[in-house]
Amino acid sequence: MFSNASNFVEGVDTAFLFIFSIIGFFFIAITAVMVWFIFRYHEKKNPVATQIEGSNLLELLWTIIPVGIVLGMFFYGWEGYKPMRKAPPKGALEIKVTARMWNWAFTYPNGKRTDTLYVPQSKAVSLDLVALDVIHSLYIPAFRLKQDMVPGKKDRMWFIANTPGRYDVFCAEYCGLNHSYMLTEVVVLPDKDFAAWLGAEAPKINVATAAPGAAGKQLVQRTGCAACHSADGTKLTGPSFKGIFGHEIKVLTAGTERTITVDEAYIRKSIIEPGADIVKGFNSGLMLPYKDVLSDEDITAITDYIKTLK
Ligand code: CUA
């Protein structure tokens with residue numbers, strides 16, 4: 001009766017169903033008694049009110065029964081939660097999850113990096129959770145898993161996925177303007193397919209034959225730049241990429257306003273040291289350095305892409 005999307009579904013759903021059944025029972029029972037009282041003790045049928053002075057038996061019953069019910073809820077809740085907090089099984093696949101405003105990056109043991117989480121079907125997966133800037137929260141509803149990610153704190157999450165398919169991944173902690181952009185997927189592959197996927201190189205864009213800027217465009221989307229920088233002139237959290245290359249802009253450098261021309265050097269500096277020259281009208285401190293995320297080659301590709309957005 002439970003979905004088998006992860007090894008934790010049954011524990012969580014049992015607690016939920018137990019609590020929900022009790023709620024359902026009392027909703028119906030209390031409503032029924034209420035309606036019955038309206039008829040039974042209506043003034044016409046019961047003109048003189050009966051005063052009840054107290055009943056030890058009743059007092060005991062409505063103390064002991066609710067305590068038993070609440071302890072039952074606690075028991076099922078604890079049983080469902082306990083295995084999540086245990087250390088992941090030995091030999092679990094380690095994937096590093098990096099959250100930042102406003103994207104996810106998943107790094108596999110061989111260095112491969114994606115913005116969608118890929119996991120094998122039957123092997124335990126251990127996620128090493130790192131938040132770079134503010135508190136995020138990794139939430140996979142189908143797996144019944146959610147874990148806050150506090151900057152500077154070591155957090156972990158583990159699971160066995162069980163059923164191939166695609167499931168939503170959300171950020172469940174409001175982390176600023178584009179919090180809702182932190183929506184991605186976990187793709188569960190049969191073990192053999194996962195091994196093949198992990199070993200395969202990401203499809204390379206052939207620079208010689210592809211449209212100018214194609215490789216950079218792919219990087220901008222995959223790295224999450226597009227969450228803050230539009231390609232069509234729309235003002236988001238950061239300046240749009242459209243029509244900036246070769247044009248003069250006003251920036252604030254250490255609080256002093258100056259006019260510069262957007263060139264290769266400026267784009268490179270803005271990626272590696274985003275706080276150095278803040279375009280007038282935008283806030284500093286929102287973008288983290290991409291120094292260890294993007295290579296020189298990547299930055300050149302992104303620059304080529306920006307050049308095409310006239
Ligand atoms: Cu990250 Cu909300």
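Whatever order the structure lists ligands and atoms in, that order sets their numbers, starting from 1.
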Checklist outcome for this item: Of all N, O or S atoms in Glu173, the one closest to atom 2 (Cu) of ligand 1 is O
Checklist entry - Considering only N, O or S atoms, which atom of His179 is nearest to atom 2 (Cu) of ligand 1? => result ND1
Item to check | Spacing of Leu198 atom CG and Tyr118 atom OH [to the nearest 0.5 Å] | outcome: 12.0 Å
Next on the checklist: Taking backbone and side chain together, does His136 place any N/O/S atom at a distance below 2.8 Å from atom 2 (Cu) of ligand 1?
Outcome noted: no
Item to check | Candidates Asp296, Thr303, Asp263 - the one meeting side-chain hydrogen bond (donor to acceptor under 3.5 Å, both in side chains) with Arg268 | outcome: Asp296
Item to check | Lys235 to Phe282 six-membered ring, cation-pi geometry met (6.0 Å, 45°) | outcome: yes
Checklist entry - Do Tyr108 and Thr114 have a side chain donor and acceptor closer than 3.5 Å? => result yes
Checklist entry - Mind checking whether atom 1 (Cu) of ligand 1 has an N, O or S of Ser137 under 2.8 Å? => result no
Checklist entry - Asp191 and Lys123: salt bridge (charged side-chain N to carboxylate O under 4.0 Å, His left out), yes or no, with the steps? => result CA-CA 8 Å; Asp191 295 359; Lys123 198 174 171 193; over 6 Å; no
Item to check | Vertex atom 1 (Cu) of ligand 1, rays to SG in Cys171 and SG in Cys175 - rounded to 10° | outcome: 110°
